[in-house]
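Please read the structure below before turning to the comments.
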Amino acid sequence: MNIGHRGHAAMGTGRPGNPAPKPDHPAETATALAPVRDRLLEEAAADAQALLTAAAEDAASLLRDAEARAAGILAEARSQGAADAETARRAVHAQARRAARARELAARRECWEELRRQVVEGVEALRDTDAYPHLRERLAARVRQLLGPDALVTEAPGGGIVGEAPGRRLDLSLATLAERALERTGAEVEQLWAP
C-alpha cells in the first residue's frame with residue numbers, strides 16, 4: 001500500500017496528472033469566502049470613506065484659502081479704491097481751486113484794465129480843459145530839466161509831452177503818467193475788488 005502517494009494525491013499538489021480538487025458546490029465556496037469578501041468590502045468601504053473625508057477636508061481647506069484670498073483681494077481693492085477716490089478728490093479739488101483762482105485773477109485783470117482805461121480816458125480829457133496848456137508847459141519844463149535845454153519836445157498822441165535827447169527818451173504822455181500813478185497805488189487800488 002502506498003499511503004504517501006495517496007496523501008500527496010489527496011492534497012492536490014498540482015502535478016501533471018494530479019490536478020487540484022474542485023469544490024463540490026459553488027454555494028459552499030461562496031459561503032467559505034464570505035468572511036474574506038466581507039472583510040475586503042469593509043476595508044474598501046473604510047478606504048473609500050477615508051478618501052471621501054480627506055477630499056472633503058481638502059475641499060474645505062481650498063475653499064477657506066480661496067475665501068481668504070478673495071477677502072484679501074476685496075480689502076485691497078477697497079483700500080485702493082478709497083486711495084484712488086481720495087487722489088481723484090484732491091485732484092478735482094486742486095483743479096477747482098486753480099480754476100477759481102484763474103477766474104478771480106481774470107476778473108481782477110478785467111477790473112484793472114477797466115480802471116486803467118477809465119483813468120487814462122479821464123486824464124486825457126484834460127486836453128479839453130483850460131488848465132491843459134499850463135500842464136503842458138510844466139511837462140515840457142520837466143523834460144528840459146531832466147534831458148537838458150536842447151531836448152526835442154513833442155506832443156504825445158493822447159496828450160502830454162515826449163522828450164528826446166541824444167541817447168535818451170522821456171515819456172510824459174498823459175496815458176503814461178496815469179498808468180504810473182495807478183502802478184504806485186496798485187496794492188491800494190486792488191483792495192477795491194478784493195474779497
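With values rounded to the nearest 0.5 angstrom, T176 atom OG1 is found 9.5 Å from L170 atom CG. We find the CZ-CG distance between R144 and L152 to be 9.0 Å, quoted to the nearest 0.5 Å.
The heavy-atom pair separating V119 from A178 by the smallest distance is CG1-CB, 3.7 Å. Residue R127 comes nearest to P157 through the heavy atom pair NH1-O, 3.3 Å, listed as atom of the first residue, atom of the second, then distance. The shortest non-hydrogen separation linking A156 to V162 is CB-CG2, 4.0 Å.
Side-chain N/O atoms of Q145 and R142 include a donor and acceptor closer than 3.5 Å. E114 and Q118 share a donor-acceptor pair across their side chains, judged by distance under 3.5 Å alone. Looking at H93 and R89, their side chains never bring a donor and an acceptor atom within 3.5 Å of each other.
Counting heavy atoms from C-beta on, the side chains of R180 and L172 come closer than 4.5 Å. Taking the side chain as every heavy atom from C-beta outward, I161 and T154 never approach each other to under 4.5 Å. Counting heavy atoms from C-beta outward, Q49 and T53 have side chains that approach closer than 4.5 Å.
Enclosure of atom CD in E110 is not indicated, since only 12 or fewer non-hydrogen atoms of other residues, nucleotides or ligands lie within 6.0 angstrom. Within 6.0 Å of CD in Q95 there are 12 or fewer heavy atoms belonging to other residues, nucleotides or ligands.
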Show the numbers, then the answer: is there a salt bridge (charged side-chain N to carboxylate O under 4.0 Å, His left out) between E121 and R117?
CA-CA 6 Å; E121 281 181 6; R117 186 189 64 74; 2.6 Å; yes
